[in-house]
J.: 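First, the structure itself, so that you have it in front of you.
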Amino acid sequence: MAVGFRKGHDPGEQGQNNEMGVTVLIMEPILRFLQLLCENHNRDLQNFLRCQNNKTNYNLVCETLQFLDIMCGSTTGGLGLLGLYINEYNVALITQTLETLTEYCQGPCHENQSCIVTHESNGIDIITALILNDISPLCKYRMDLVLQLKDNASKLLLALMESRHDSENAERILISLRPQELVDVIKKAYLQEEECENAEVSPREVGHNIYILALQLSRHNKSLQQLLKPVKRIQEEEEEGISSMLSLNNKQLSQMLKSTAPVQEEEEDPLAYYEKHTSQIEARPLGFPAACGP
């Protein structure tokens, strides 16, 4: 099996990289191999990587999470300073680690989901921090790599909640997330589309994946649920509330009240856009992007 380096991590750059040795670089194809073992929701191998039922077991799910922990610098107390640890030389390795962890869980594999969420490392805190933080200075000259990182982090958190009938994993994720910050990231990604028109990674699509994550989390958090409402719907609810309070059944009077409201120029509402382009399946509450137009 030929497993090569992904874009953004060229073996020819090794000479320039004084932070990562060969023992760390070799982890990228190894993690890719582990990801491929679990491809197509291979439940047997997903479980085997966690527990081999031998006298000595090696929990590679936890080991992979701890590797992410080390690569992002949280073991040094630098969780809020991800930009100091993530650079153009190791970002591909961190992205691969996220993809591998996601494949461990998809299907879903509830045991691997729980293994990651309940682990004593800062794993969940790191994954949420990757979504919420700017990751500067990398974002100033390789925004495409940062967007890829955020996209994969959001997919991993979704995989950790996939087909769960309890709220434990969602509640653990919410401990690390401030709802307003998450919504701000979604809006920021939407507005970045104009700045990155010819980019390989679409900020708006990344924002959509983070919006879907927020949508799933909002089922367990009323504050986030409220924050995800488009501006127009909030205004409509406020108007309906006033009418209901005053018992205004007279359409003409209601219209008069609406006409007294200050007229504001309509601006693009990212939340309205994402709501419009997101479909929901009731039986399995997982949002997914509908066919998006420009």
Side-chain angles (χ1 to χ4, degrees), residues 2-36 63-103 121-157 181 184-186 188-210:
V3 185
F5 289 89
R6 71 176 64 232
K7 190 175 179 182
H9 198 128
D10 186 345
E13 293 175 344
Q14 290 180 40
Q16 304 171 34
N17 184 7
N18 56 8
E19 294 180 25
M20 291 172 61
V22 176
T23 51
V24 177
L25 288 171
I26 196 63
M27 282 301 297
E28 190 174 339
I30 290 172
L31 287 166
R32 175 64 176 154
F33 175 68
L34 293 175
Q35 177 192 353
L36 292 172
E63 293 290 339
T64 305
L65 188 66
Q66 285 179 297
F67 180 72
L68 178 70
D69 196 7
I70 293 165
M71 288 299 298
C72 292
S74 75
T75 52
T76 62
L79 192 56
L81 302 168
L82 286 173
L84 297 178
Y85 297 93
I86 301 174
N87 53 60
E88 62 185 309
Y89 300 115
N90 65 17
V91 65
L93 178 54
I94 294 168
T95 298
Q96 179 60 66
T97 309
L98 292 169
E99 289 179 358
T100 302
L101 286 165
T102 300
E103 204 64 52
S121 73
N122 293 321
I124 296 297
D125 298 329
I126 292 166
I127 299 159
T128 54
L130 289 172
I131 295 172
L132 298 178
N133 290 317
D134 286 336
I135 312 180
S136 179
L138 183 63
C139 67
K140 294 176 182 176
Y141 56 94
R142 289 303 304 269
M143 179 54 79
D144 56 328
L145 298 179
V146 171
L147 287 169
Q148 257 182 352
L149 207 56
K150 291 180 182 295
D151 196 36
N152 281 289
S154 64
K155 287 174 181 175
L156 173 52
L157 292 182
E181 283 187 15
D184 288 344
V185 169
I186 293 167
K188 184 177 179 180
Y190 176 88
L191 297 172
Q192 280 178 322
E193 187 72 19
E194 293 176 6
E195 302 170 20
C196 311
E197 284 183 14
N198 300 316
E200 190 176 323
V201 183
S202 164
R204 196 161 289 182
E205 285 182 19
V206 174
H208 200 175
N209 283 333
I210 299 172

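Counting begins at 1 with the first residue of the sequence. Predicted model, so just to flag it, every value in this text is computed and none were measured.
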J.: Can you tell if the side chain of Thr100 reaches within under 4.5 Å of the side chain of Arg32, non-hydrogen atoms only?
T.: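 No, side chains not in contact.
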J.: Find the distance between OG1 (Thr97) and CD1 (Ile30) and round it off to the nearest 0.5 Å.
T.: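 Nearest 0.5 Å value for the OG1-CD1 distance: 11.0 Å.
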J.: Counting N and O atoms only, with roles assigned by atom type, does the side chain of Thr102 sit under 3.5 Å from a partner on the main chain of Lys155, one being a donor and the other an acceptor?
T.: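 Between the backbone of Lys155 and the side chain of Thr102 there is no qualifying donor-acceptor contact (under 3.5 Å).
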J.: Do Glu200 and Gln148 have side-chain N/O donor and acceptor atoms under 3.5 Å apart?
T.: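 Their side chains do not contain a donor-acceptor pair, so the 3.5 Å distance test is not met.
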J.: When you measure from the side chain of Glu193 to the backbone of Arg204, do you find a donor-acceptor pair of N or O atoms at a distance under 3.5 Å?
T.: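 Yes; at least one donor-acceptor contact below 3.5 Å.
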J.: With no hydrogens and no angle check, do the side chains of Thr95 and Glu99 hold a donor and an acceptor under 3.5 Å apart?
T.: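 Result is no, nothing qualifies.
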J.: Just verifying a value: how many Å separate Ile210 CD1 and Ile131 CD1, rounded to the nearest 0.5 Å?
T.: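 If we round to the nearest 0.5 Å, Ile210:CD1 and Ile131:CD1 are 5.5 Å apart.
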J.: Taking side chain as C-beta onward, heavy atoms only, is Met27 less than 4.5 Å from Gln96?
T.: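 The answer is no, as the side chains (C-beta and beyond) never meet within the 4.5 Å cut-off.
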J.: Can you name the closest pair of heavy atoms from Gly207 and Ala189 and give their distance?
T.: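 That closest heavy-atom pairing would be CA-CB, 3.7 Å.
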J.: Do Asp134 and Lys188 have side chains that approach each other closer than 4.5 Å (heavy atoms only, starting at C-beta)?
T.: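 Asp134 vs Lys188: side chains touch.
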J.: Who are the salt bridge (Lys or Arg N to Asp or Glu O under 4.0 Å) partners of Asp184, not counting sequence neighbours?
T.: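 Not a single residue meets the salt bridge (Lys or Arg N to Asp or Glu O under 4.0 Å) criterion with Asp184.
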J.: Calculate, to the nearest 0.5 Å, the distance between atoms OG1 and CG belonging to Thr64 and Leu98 respectively.
T.: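 Here the rounded value is 11.0 Å.
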J.: Considering all heavy atoms of both residues, which atom of Ala153 and which atom of Ile127 are nearest to each other, and what is their separation?
T.: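 Minimum heavy-atom separation between Ala153 and Ile127: O-CG2, 3.6 Å.
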J.: If I take atom NZ from residue Lys150 and atom CE from residue Met143, how far apart are they, to the nearest 0.5 angstrom?
T.: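 Answer rounded to 0.5 Å: 8.0 Å.
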J.: Could you check if a side-chain atom of Glu205 sits within less than 4.5 angstrom of a side-chain atom of Asp151, using non-hydrogen atoms only?
T.: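 The answer is no; the side chains never approach within 4.5 Å.
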J.: For Lys140, enumerate each residue passing the salt bridge (Lys or Arg N to Asp or Glu O under 4.0 Å) test, keeping only those at least two apart in sequence or located in another chain.
T.: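 Lys140 satisfies salt bridge (Lys or Arg N to Asp or Glu O under 4.0 Å) with no residue once adjacent residues are dropped.
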J.: Any idea which heavy atoms bring Leu65 and Gly123 closest together, and the distance?
T.: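 Here Leu65 and Gly123 meet closest at CD1-CA, 3.8 Å.
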J.: How close do Thr128 and Asp125 get, counting heavy atoms only, and between which atoms?
T.: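 Looking at all heavy atoms of both residues, the closest pair is OG1-O, 2.9 Å.
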J.: Between Leu147 and Pro203, which heavy-atom pair has the shortest distance, and what is it?
T.: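 Heavy atoms only, the tightest pair is CD1-CG, 3.7 Å.
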J.: CG of Leu130 to CG of Leu68: how many Å apart, nearest 0.5 Å?
T.: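 It comes to 6.5 Å.
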J.: Could you grab the distance from atom CD1 of Ile86 to atom CZ of Arg142, nearest 0.5 Å is fine?
T.: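 CZ of Arg142 is found 14.5 Å from CD1 of Ile86.
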J.: For Tyr85, is there any backbone N or O sitting under 3.5 Å from a side-chain donor or acceptor partner on Asn90?
T.: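 Yes: the side chain of Asn90 pairs with the backbone of Tyr85.
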J.: Counting C-beta onward and ignoring hydrogens, is there a side-chain heavy-atom pair between Phe67 and Leu93 closer than 4.5 Å?
T.: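 Yes; the side chains approach each other to less than 4.5 Å.
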